[in-house]
Number of protein chains: 2
Amino acid sequence: MQNSFTEENYLKIIHALSGRDGVEVSTNALAESTSTRAASVTDMLRKLADKGLIHYKKYQGVTLTEAGEKVAISVIRKHRLWEVFLVEKLGFGWDEVHDIAEELEHVPSNELVERLDAFLGHPRFDPHGDPIPDAKGNLTDPDYLILTDVGIGEKVLMMGVLDHAPSFLQHLDRSGITLGSVLEITEINEYDKSASVRINGSQTLFISLEVSKNLLVQRR
Amino acid sequence: MQNSFTEENYLKIIHALSGRDGVEVSTNALAESTSTRAASVTDMLRKLADKGLIHYKKYQGVTLTEAGEKVAISVIRKHRLWEVFLVEKLGFGWDEVHDIAEELEHVPSNELVERLDAFLGHPRFDPHGDPIPDAKGNLTDPDYLILTDVGIGEKVLMMGVLDHAPSFLQHLDRSGITLGSVLEITEINEYDKSASVRINGSQTLFISLEVSKNLLVQRR
DNA sequence: AAAAAAATTTAGACTAACCTAAAAAATATT
DNA sequence: AATATTTTTTAGGTTAGTCTAAATTTTTTT
Ligand SMILES: [Mn+2]
Ligand SMILES: [Mn+2]
Ligand SMILES: [Mn+2]
Ligand SMILES: [Mn+2]
């Protein structure tokens, strides 16, 4: 039996909330993430459990089964590939693509995904720096640092964002920070942890802690 | 209020069955086309009428309102643009794209359609020769001939198909007939109206009436 | 014009995905 | 350990889109 749009979204969200160590996800957390009520979540959990997609014992929280994990990763793969398409081929900004990809990710057809993947040149990362699972369902999170963990003088590469909100991405655009930028922290203010950052060796920018906390970087 | 996947499909089908002269469409015809029962159609018609998308009087059949026509054409535009994308960019065969386009056509976002249109170079026709409505909703059916209306010795251009079934399209592939082929009828058999056709001035092919009836052509 | 047949609508149900309110279980606080 | 609070589940409804069976209207045939 095919999984519905709604079921796929639940699985994707359970995957995200469960993290890499597959910790139990609570009913309330799912209600929050799906913008529904806890009672509705309980209904859906019973259904997903019946379909063998999640491990569910009443009051215990849920985790994905192997089968559920497979579905979740396939949806994530489609989401991220479509985001690449929208940015690379259609010229959308990285702040504009998430909602459209939320729709496209539910279009069935493996053939479509695989051809899209090839058309895009088998990209490894989406426009936000998130890794794209391969066709076999392997998804390896690169372990990036958060900019707050970087000391003064270190040069790092901007590799991704934690916050995907359009407002944050637009803020980065205005600051001239993009994926691949070289960032060097030149100063950290003790009081509020705000920082000065040199971008690609040229202009220096003032960055709040709020921004630093959402920037994923890599030592070179 | 947004139109659902199902509502959009009803409108598209009413548009198709209503033809260019906007003739009334019957409940049974819709039940047939939507693969549902007449009773279900009646329910939906009441809903579409309430939304002002169709003209509906009980037992009288339905036609699209201006508003309904606009929605139908927008869905057709998306369907055909996505078919072009699937064939031109992803390398699908013209026999493989319809079902995927049935899904993609319901993805919302005008921005997406318009950027896709530009990316494809504003194509005028889809892979089956069907005209693509423009962004303003203008859809003009070119008035093609059916091959059965062409006499012996006339050279015509293959411009489209009436039957969109994969099996028919695959049959044309095997026969070497594609959009743009030059066809010349060299012989018609009185008995069964089967014909011999020269393709692009070279090989001659035997064609059944069933095939001739589904080929749209143009005098040159 | 009456009867028969066909088309359409109405009545009453079902499932998926949601809801609110109430009950029950788990967790935290005294 | 008892009580209070929070979390989760159950109970009972709603809407969209579907169904079957029965009633009604229209069309066709006699
Ligand atoms: Mn996204
Ligand atoms: Mn992304
Ligand atoms: Mn099609
Ligand atoms: Mn087509």
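In what follows, every chain begins at residue 1, and chains take the letters A, B, ... in the order their sequences are listed.
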Separation of atom CG in Leu30(A) from atom C1' in dT7(D), rounded to whole Å: 13 Å
Nearest-neighbour nucleotide for the Arg37(B) side chain, dT18(D), dT20(D), dT9(C) considered: dT20(D)
Side chain of Asn28(A) (C-beta onward), nearest among dT18(D), dT8(D), dC19(C): dT8(D)
Side-chain donor/acceptor of Asn189(B) to backbone N/O of Tyr191(B), under 3.5 Å: no
Test applied, salt bridge (Lys or Arg N to Asp or Glu O under 4.0 Å); reference residue, Arg77(A); option that passes from Asp117(A), Asp130(A), Asp134(A): Asp117(A)
Between dA7(C) (C1') and Leu45(B) (CG): distance, integer Å: 13 Å
Whole-Å gap separating C1' (dA11(D)) and CZ (Arg46(A)): 12 Å
Atom pair distance, as rounded to whole Å: CG in Asp43(B) and C1' in dG12(C): 11 Å
Interatomic distance, Glu32(B) CD vs dT8(C) C1' [rounded to whole Å]: 16 Å
Sugar-phosphate, base or nothing in reach of Ser40(A), heavy atoms under 4.0 Å: base
Derivation and outcome, ring-ring contact (aromatic ring centres under 6.0 Å, His included), residues Phe85(A) and Phe85(B): CA-CA 12 Å; Phe85(A) 170 73; Phe85(B) 169 73; 5.0 Å; yes
Glu7(B) CD - dT18(D) P separation (whole Å): 10 Å
Rounded interatomic separation in angstrom, taking CG from Leu48(B) and P from dA16(D): 12 Å
Under 4.0 angstrom between Thr42(B) side-chain N/O and dT9(C) OP1 or OP2: yes
Might you list the N or O atoms of the protein lying below 3.5 Å from N or O atoms in nucleotides 26-29 of chain C, with each pair's distance?
none

Nearest atoms (heavy-atom pairs only) where Ile73(B) meets Pro133(B): CG2-CB, 3.5 Å
Ala39(B) side-chain proximity, nearest of dA11(C), dC18(C), dA11(D): dA11(C)
His79(A)-His98(A) aromatic ring centre distance below 6.0 Å: yes
Integer-rounded Å distance: dT8(D) C1' and Lys57(A) NZ: 16 Å
Asn9(B) versus His106(B), side-chain donor and acceptor atoms under 3.5 Å: yes
Trp82(A) and Asp126(A): side chain donor to acceptor below 3.5 Å: no
Distance test, side-chain N/O of Tyr56(B) to OP1/OP2 of dT9(C), below 4.0 Å: yes
Residue-phosphate contact under 4.0 Å: Thr36(B) side-chain N/O, dT18(D) OP1/OP2: no
Any Thr27(B) side-chain nitrogen or oxygen under 4.0 Å from OP1 or OP2 of dT9(C): yes
